[in-house]
Structure formats: structure tokens, C-alpha cells
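Quick notes on the structure that follows.
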Amino acid sequence: MSLYPHKTIESKWQKIWEDKKTFHLPDKIDEKKPKFYALDMFPYPSGEGLHVGHPEGYTASDIVSRYKRMKGFNVLHPIGWDAFGLPAEQYAIKTGTHPKLTTEKNISNFRRQLKSLGFSYDWDREINTTDPSYYKWTQWIFKLLFDRGLAYQQESPVWWCEELGTTLANEEVIDGYSEVGNFQCTRKPLKQWVLKITDYAEKLLNGLDKLDWPESTKEMQKNWIGKSEGAEIYFLTSKSEKNTPIDIFTTRPDTIFGATYLVLAPENDLVNELTTNTKKNEVSKYIEQSKRKSDLERADLQKIKTGVFTGSYAINPANKKEIPIWIADYVLAQYGTGAIMAVPGEDQRDWEFAKKYKLPITRTVEPPEDFLGEAYNGEGISINSDFLNGLNIAESKKKIVSWLEENNYGKGKINYKIRDWLFSRQRYWGEPFPIIYVKDKPKILPEKYLPVILPNIKNFKPSGSPEGPLSNAKDWINTTDPVTKEKAMRETNTMPQWAGSCWYFLRYIDPFNKLSLVDPKIEKYWMPVDLYIGGSEHAVLHLLYARFWHRVLYDAKIVSTPEPFKKLIHQGIILGEFEFILYINKNDEPVSLEFVEKNKDLRNNDQLINKKITSDEVIKKGDQFFLKSDEEIIVESRAFKMSKSRGNVINPDNIISKYGADAFRLYEMFMGPLEQVKPWNTRGVEGTFRFLNKVWRLFTDNGNISPSIKKLEPKKLQLQQLHVTINKVTNDLEEFKFNTAISSLMEFINAAQKWDYVPLSIAKEFILLLSPFAPHLCEEIWEILGSKITLAYEEWPKLDATLLIKDSVNIAIQINGKLRGNIEVKKEATKEDIIKISKANKNIQLNLKDKKIEKIIYVPNRILNFVAK
RNA sequence: GCCGGGAUGGCGAAAUGGUAGACGCGCCGGACUCAAAAUCCGGUUCUGGCAACAGAGUGAGAGUUCAAGUCUCUCUCCCGGCACCA
């Protein structure tokens, strides 16, 4: 029996969809119809091409889009390219190829691959962040931010990556190494563009509540914003010349009576003033030391706290006691005021520091009697705290804050962890800023001079300075102020890659608008995005930045919704195939997994070799796999992240050419829940491919309609089977449970295969149900079944709920909750009927022997449980 | 350390508190074939039994319930994130 001709079918329908613009959404749509905006996180077109992870989310959104069209929605389902970015530029540095060329080449490969998967994108809305007609509006939004006072320049220590030749935002640096490329970074004081995302901290935090997003992502954003409520308290210094008060921030103002010393971050501006002459040497030495420590070291050494006494004292405003002022790098300069009041009785860090330097410790909250720890930060009653004594924490806080405010010693304050967003990069391949410098003063260009076009250059090498490669483009840099005609210089930094992706979903709505970013009328119809699918690696960066920009656009009345993405789903990553790994030492002897750590033998530190073995060579005992030939040896069994170095990367092109896009799409959705991390298994694709072949054989015969399809009235059983499937597939699609939807389609085919014929009407409805998942095959069969071209806008099969009710039901009979038998009864059967029938059952009788029935529980259509002793 | 999510056959998984393992992969047996592939039919959680059936079983332990993979508590391990944020 031959396999179905997926290659011919798929290229035929891809061509028809393209030629007929099947999925093109016209500019004028019937706005009375409901809308559905299904958005994918647009890809960065890398040189590697798609990997199997990309199509996972894209297939899901495509299935939903196709389903919604059939449900009568106007569906906006666009795609584009996030094409500015580092890899193309680094490739340019290496080879001299202009990033524009690399980008174009990569895009056409990505486009080819996406088209080969049969996604129903409206290709006429394709956008590209590197296109001047696109980035004109990215610049325009920057201008908006600038005009609203949300973009400013600041000279401050920023992360500088020598290897990449650029600064990076805090969130792009992990433990002192760049997220891209993993290069070491250092802090450098530089003048940079910064966006005031902190002004929006509260709005961004509150906005999360209403979003239908994964809880984990909302939580991550909350933590990132890091709101904490407390107080700012001013401590007057004693024996200091100027007597500038020290501002500290605390979330526990109620513990002020236990503040036995103050600590300033080494970077705090007051350090100099506070250091007494005798302490100058020691202090400057300490500051030098902590400057030299990278953040990585500071984090590594987090348990061992160091510090130095300034020689000065402050007055605790609550008890008027004189307390010493210290400097320590466990206090962060960037958070709060860069200074704290230390309450060692209530804070573990302060406790450790106080112990080390023998500073006094006073408890201000009564710990429970059995408390054995050091600092106590639990609930309790205030002690040693004068007028706060006897109050609980919440009451104490309230009372002390009003006391501080009355006496001008401080005030209630809310602090956020989030810092302003470092927005400039010393790169070439990014959006130029619409900024010129006239007499060294930055000036924003008026709208009519946008876009500022990225000049063509030949030398992409980082200049090693904050100027960036654009500083080589002398003709471009030297310009005149178009308004005053004065001599001017252009900004040589460019925007970070996040810029273009902060608002691209708005441009899809109105991609060719020359007059505005988006026409408000159309924007109002389409926004917000109804379904946004993309990886969880963007949980804070992209998703927070995009929300920030959107919120600013909302405040500026450019867009109609405060939040851009109503529902968000993260597809789980697809790992490589499941592997069994045997570790072997240099004598070629197997080493059991229990002795292995990081490819080394824990017993003698020998380097070990990985050897892939097959499932035939292992045996499972308990929850571990052992070597069959030596059952003492535990074998590692797991799936690894796909990576070039591991050699377990699956290329979708190969899968598609062997099994077709439909089988590929179906498999990716059948693997398991969309959100879940799951290992790839090429055998699984064979399974979905087999299923599609079954469908093909059942419905067609040599490219014609199969003789087993008959224009006859369907039998009741056939209709029931169909409607069970309609019900399941529809419900599952509404809940994005693609895997179980596919199971029920398979169950239908398994049943239909056993029928003596398939009524044409049923065949057609089934094809419609399958079509969002396997669109090419279904279009072909739809045509063969004699219907007009394209089923993309056919009405989704309607459920007849009366057909879900079966004539007879299977009842499980339990005795004390244990299954003892099954009976089949008419659906009208009463509890009494069922009890009678079950009591007649041999096995039930046997199990009820010598027992007294105490209670009978009946769950209609499901279970009868005898409770007996 | 803190936050979030998990743990179910050889594997991916399914299961409104109500028959655990649907569907698929793999494997075993059979049919077709000169043979193989493809296809079709049957079986497949483990243990005992020819079978009927019985016992055990959803990471571990306790609890609630007529009934727990599902609810509650304690613990272990895995994945993701954050981490001196006062």
C-alpha cells in the first residue's frame, strides 16, 4: 500500500493559498464580526534557520487561527522579523559581509521554512524591524518618550562588555557575564540613554492582575519590579563637620529602637564627608577593594561580610543614642538610598555583620519561646521599643511612621527594585537615535525629519569606546540642525534589540500607514492581542519592556488599551531525543552514575567519556536504568537540550521532506501539553504520519473519492461517534489542549475504519475538524470529496448535544471502593434496577458473601458502591 | 535561601473526588507475502494463575472520604526563575 503523496499535496496547497491570497485580511473588513488577534513572538532570523522549537508555538497559534476563522471570526495572524541584533553584526565583523545582506538571506530562508509548514499568515503584513519605514516609528516612539520626559542621559556605572564592544542592560548580564555569548563584563562609568521605566513601576505592577498569563511569568515580573513598602528615615550625624543627614530606607521602621549602627554602601556620596581623618586610609583601601571586586565576587562572597568603621556617629532619632556609621559592600548602592539602619536583632545579614565586628544587638520583637535562630524576623510583639512596646508589627509600623512624620525624622516610602532601562548600545546594527548634539547639548529631531537612516559603513569593528562603530561614518555624524541650521553631530549609539519588538504587534494592524504608527480606528478594533504565544525566556525582558511602551502609548492616547497582550502562553521547549548514557573511564571500564559528577569520577577525579547506548542494552530496576551486561552499573537516562555541540539538533526541513508538514505539525501538537518541556522522538512523527495515511486511505482511492464513502444517511452510531469528536475537539481547542484533541480525532478514525461505509456528510465534517491541524491533506481531501476550493472559511461543525447521550451505560460496581464488576444497563435504569442486577452478578455475590451491606452509594451513569462489613 | 512548576507503564502522555494508564510510540503474537516493507487483527502496569479472578500499584509517609493520581499536612527529588533588594 502506498503512502500518501504529501510532497505534491503540500506544495500544491501552499501555492494555491499564496496565489489566491487565501489568508490575506483585506483592509476593509466586516467589523460587525468578532475579531481574534493571534500573535507569535516574531523570530530573529538567525543563520541556523528554524529549529523544531520555533514551529511548536507557531503551529499552536496557526491551529487556533484556522479554527477561529471557521468559527466566523476576523482573524489577524501576522508574522515578521526581529532583524536588528548582534549575531548579524558579529558575522559582519568576522567576514565583512554587511548585516543587511546576511539579514536578507536569513529572512528568505526563514520565510521559505515557515511557508513549508503551511502557516496561515497574512504575508502581506510582513514587517521587518530593520526597514526604515518601520524603524521610523520606533524612533518616533523614542521621541514620544523623550518629549514626555521618559528618556534621559545619565553618566553612571553601566555594564560594559569588552568582547561585544558594547554596554548591556542589567538584565542582559548574568553573574557578570553577558547573556549573549557569555563574555565577562565590567562596570564602567559612561554617559548613556536611559528610559524611565521606574516611573511606570506601579502601573506595570497593577496591570498584571487582569492578565490571563502564566502565574510564574506574572510572579517573575512582580519580583522584578520588586515593590516594598517601608519608610525613609533621616539620621543626623554627630561629630561631623557638615552634619548632612543620612537617608536610609527600611521596610521595618518598627525596629528602629534596635538600630545599633548604620551602614553605607562604599559608593555612597556621603562616605567621604563622614570618614574621620584617622580612618581615611582604612576606608579608602576598603573602597578600592570593593571596586575591584566584580559583582560575581561580591555575590560569591555573600556569606562573608566585610566592612570598615568611618569614625563617625549618628543619632538614632528614636532613642537618641549615638550609633557608629560603617561602610560595607553588603549594602547595595543602587537600591533604596544606598544606606541602611542595621537592626541585627531582626535581620540575619546585620546579625552576621554585628557578630563579626562585635556591634551591639538589641531585639525589638519578642520571638517565640522555642526560637533557636539568630535574627528573628517573624511575627511578634514589640519589646525594648519605648512607646511601641506591646504592639504587633503592623501596629508598630503605623505608629512609628506617623511619629517620624510628625517629628520630621522621616516618612513612609515605597521603594522599587526595578531600575531605569539602559537604552543605548555601542553597535552598528540597530535603530539610530533621532538625536543630534548642538554645542554638545542633545536635541530631539522633529517628526518630519524621521527616520534617521542608518548609514552604510564598511568597518563594523567595535571602536572600544562608547562611540561605537557609527563614529567611523564621518559624513553621517557631521550634520546641521535642520531647524536652526547650526552645526550638529549625530548620536552614534543605537537602540537595543528590544526596541523593535516593543511595539511590532501594533504595526501589523496597519503596516503601510505613512502618516501614523497605527490608525486609531483600526487599532481600536484589533487590540488587544487575544492570544500571544512565545517562549518563557522573554518572561521579563521583552514582555515587560513591551508593556512599558504600550502603557506610555496608552497614556499618550495613541492606543486604546492599557495592556497589549490579553492571553499569553509559553510553549515548552523541545529537548533532543531521550538518551541512555554510559560513562566510561580511561581503562574502558563502565562507571556507575552514582560516582559521576560533571563528567568526572568522584572517587579519583578521572575524566570520563560519554557513550550513547541503546535501550536494548539497559534494564530498568526501581526508578533507575542499569546496564544489562553488568547490573551494578547505573546508566544516565534523560533528554538533553538540543545543541550543536551535543549533536542532537533536529532540523525541521528533514522531517518535513520525509513525513510532510502535516505529520510534523500534528506530532508537535500531539507530544503533550503545549506549555510542557518534552523530548523529541522521531518515531512519534511516524505515528502521526501513519494516522494521516489512514485518513487518506479511508477517504480517497487513487486520488478519487473512495468507494467506501457513500452518499447515504448516517446511522445513529456513526453520528454519535462524530458528535463525540466534535464536542471533544471543540472544547479542547478552546482550552488549547491540542494533544487530547488529536487523540479524539484518532479515535474517530479507528472507529470509522470498522464501519461498512462512511457517509459523505460525516466524512466532510470530520475533515473540517482535522483541517486546522493538518490543513494541506484536508484541503486535498475536501476537494476530492467534491467541495469548492478551500475549506479555510467553511463553518465549523456544530454540535448536536442530544447525540452525546448514549442508549445504554456502563456502570462500575464497587465493594468498599474496590472495583468488583461492570454492568451494562439501559440509560433509564433506576438505582433499584442497578442494585438488583449487580446483586445477581456472580462475582459481586462472591465478594459480598459473609458481609453485611451498610450503605449503597450510587453515582448516576457511573458507579454503584456497596459499603459492607 | 526564596518564589513558581513538576513527579503516573519501557517512552510521550490521559483521567469534572467516581472503572488509573485513553491516544500514540516501542515491544510480543498472528494474518497477508516466496520474502521483506507497508497494512490489518490481537496482546502489552507489575505479581500469581490455563483461565475466571485475586493481590499490589500514580515520588515517600500520614490524614479527610463510601471512594484520592486528583483534597489537606509533612518530606524527597527534578525543572525554571530570583538571590546580600534592608
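Chain naming here is simple, since letters A, B, ... match the order of the sequence lines and numbering starts at 1 in each.
A donor-acceptor pair under 3.5 Å is formed between the side chain of A/Ser643 and the backbone N or O of A/Arg646. The backbone N or O of A/Lys658 lies less than 3.5 Å from a partner atom in the side chain of A/His6, making a donor-acceptor pair. With hydrogens and angles disregarded, no donor-acceptor distance shorter than 3.5 Å links the side chain of A/Asp254 to the backbone of A/Ala394.
Between A/Phe773 and A/Phe738, the ring-plane angle classifies as perpendicular under the 30° and 60° cut-offs.
At the heavy-atom level, A/Lys227 lies nowhere under 4.0 Å from the strands shown. Within 4.0 Å (heavy atoms only), A/Ser216 reaches sugar-phosphate atoms of the nucleic acid but no base atom. A/Gln753 comes within contact range of the sugar-phosphate backbone alone, with a heavy-atom separation under 4.0 Å but no base atom that close. At the heavy-atom level, A/Gly336 lies nowhere under 4.0 Å from the strands shown. A/Lys842 comes within contact range of no nucleotide atom at all, as no heavy-atom separation falls under 4.0 Å. Among the atoms of the strands shown, only primed sugar atoms or phosphate atoms (P, OP1, OP2) are found under 4.0 Å from some heavy atom of A/Phe625. Here A/Glu215 lies out of heavy-atom contact (under 4.0 Å) with every strand. Nucleic acid contact class of A/Asn731 (heavy atoms, under 4.0 Å, all strands): none. Contacts of A/Pro214 with the nucleic acid, taken as non-hydrogen atoms under 4.0 Å apart, are absent. Contact annotation for A/Asn843: backbone-only contact, meaning every heavy-atom pair under 4.0 Å involves sugar-phosphate atoms and none involves a base. Within 4.0 Å (heavy atoms only), A/Arg683 reaches sugar-phosphate atoms of the nucleic acid but no base atom.
Note: CZ (A/Phe691) to P (B/C40) measures 13 Å, nearest angstrom. Per the geometry, NZ belonging to A/Lys641 stands 12 Å off P belonging to B/C79, to the nearest Å. The distance between atom CG of A/Asn693 and atom C1' of B/A37, rounded to the nearest whole Å, is 14 Å. Atoms NZ (A/Lys728) and P (B/A14) sit 10 Å apart, rounded to a whole Å. In this structure, A/Lys678 atom NZ and B/G6 atom P are separated by 14 Å, rounded to whole Å. Here B/G81 presents its C1' atom at 11 Å from CD of A/Glu219, a figure rounded to the nearest Å. A/Phe738 has its CZ atom 17 Å from the P atom of B/A13, to the nearest Å. Remark: P of B/C23 and CZ of A/Phe748 are 16 Å apart, rounded to the nearest angstrom.
Using the Watson-Crick or G-U wobble rule with both distances under 3.5 Å, B/A62 pairs with B/U72. If you check B/G24 for Watson-Crick or wobble pairing at under 3.5 angstrom, you find it paired to B/C11. Nucleotide B/C82 is matched to B/G1 when pairs are restricted to Watson-Crick or G-U wobble geometry with both distances under 3.5 angstrom. Pairing for B/C34 is absent, with no Watson-Crick or G-U wobble pair whose two atom distances lie under 3.5 Å. For B/U47, the paired nucleotide is B/A54, the pair qualifying as Watson-Crick or G-U wobble because both relevant distances are below 3.5 Å.
Annotation: B/U39 and B/C50 have their P atoms spaced 35 Å apart (nearest Å). A distance of about 40 Å separates the P atoms of B/A54 and B/A38, rounded to the whole Å. To the nearest whole angstrom, the two P atoms, one in B/C2 and one in B/G12, are 30 Å apart. Remark: the separation of the P atoms in B/A13 and B/G59 is 14 Å, to the nearest Å. When the P atom is used for both B/C71 and B/U58, the distance is 15 Å, rounded to whole Å. Between B/G21 and B/C32, the distance separating the two P atoms is 33 Å to the nearest Å. Of the P atoms belonging to B/C23 and B/U72, the separation is 31 Å, rounded to the nearest Å. For the P atom pair drawn from B/A20 and B/A67, the interatomic distance equals 14 Å after rounding to whole Å.
Listed pair A/Asn865 / B/G18 fails the phosphate criterion, with no side-chain N or O lying under 4.0 Å from OP1 or OP2. Between B/A86 and A/Lys413, no contact under 4.0 Å exists linking OP1 or OP2 to a side-chain N or O. Between A/Arg638 and B/A7 there is no side-chain N or O to OP1 or OP2 distance below 4.0 Å. Side-chain nitrogen and oxygen atoms of A/Arg697 include at least one within less than 4.0 Å of the OP1 or OP2 phosphate oxygen of B/C40. Residue A/Arg690 places no side-chain N or O under 4.0 Å from the OP1 or OP2 atom of B/A37. Checking the phosphate oxygens (OP1, OP2) of B/G24, a side-chain nitrogen or oxygen of A/Asn750 falls inside 4.0 Å. In this structure, A/Ser228 reaches the B/A86 phosphate: one of its side-chain N or O atoms is under 4.0 Å from OP1 or OP2. Residue A/Lys818 has a polar side-chain atom (N or O) positioned under 4.0 Å from OP1 or OP2 of B/A56. Between A/Gln814 and B/G18 there is no side-chain polar atom (N or O) within less than 4.0 angstrom of OP1 or OP2. At least one side-chain nitrogen or oxygen of A/Tyr335 sits closer than 4.0 Å to the OP1 or OP2 atom of B/A86.
The distance between the ring centers of A/Tyr659 and A/Phe664 does not fall below 6.0 angstrom. When ring centroids are compared, A/Phe691 and A/Trp696 stay outside the 6.0 Å threshold.
For A/Thr740, the side-chain atoms get nearest to B/A15 when compared with the rest of B/A15, B/U19, B/G24. Among B/C41, B/A15, B/A86, the nucleotide with an atom closest to any side-chain atom of A/Leu332 is B/A86. Closest to the side chain of A/Val331, out of B/A86, B/C23, B/C82, is B/A86. Closest to the side chain of A/Val859, from the set B/C66, B/G18, B/C25, is B/G18.
Applying the 3.5 Å distance criterion, the base of B/U19 shares a donor-acceptor pair with the side chain of A/Asn810. At a cut-off of 3.5 angstrom, the base of B/C84 holds at least one donor-acceptor pair with the side chain of A/Lys305.
A glycosidic torsion no more than 90° from 0 defines the syn conformation, and B/G9 adopts it.
A cation-pi contact, defined as under 6.0 Å to the ring centre and within 45° of the axis, is absent between A/Lys227 and A/Tyr416. In this structure, A/Arg638 forms a cation-pi arrangement with A/Phe640, its terminal cationic atom sitting closer than 6.0 Å to the ring centre and no more than 45° off the ring axis.
No donor-acceptor contact under 3.5 angstrom links the side chains of A/Asn223 and A/Lys417, judged on distance only.
When all heavy atoms of A/Ala328 and A/Phe353 are compared, the pair lying nearest together is CB-CE1, 3.7 Å.
In this structure, A/Val540 and A/Ile418 both approach RNA chain B, and ranking their closest nucleotides by distance from the 5' end singles out A/Val540.
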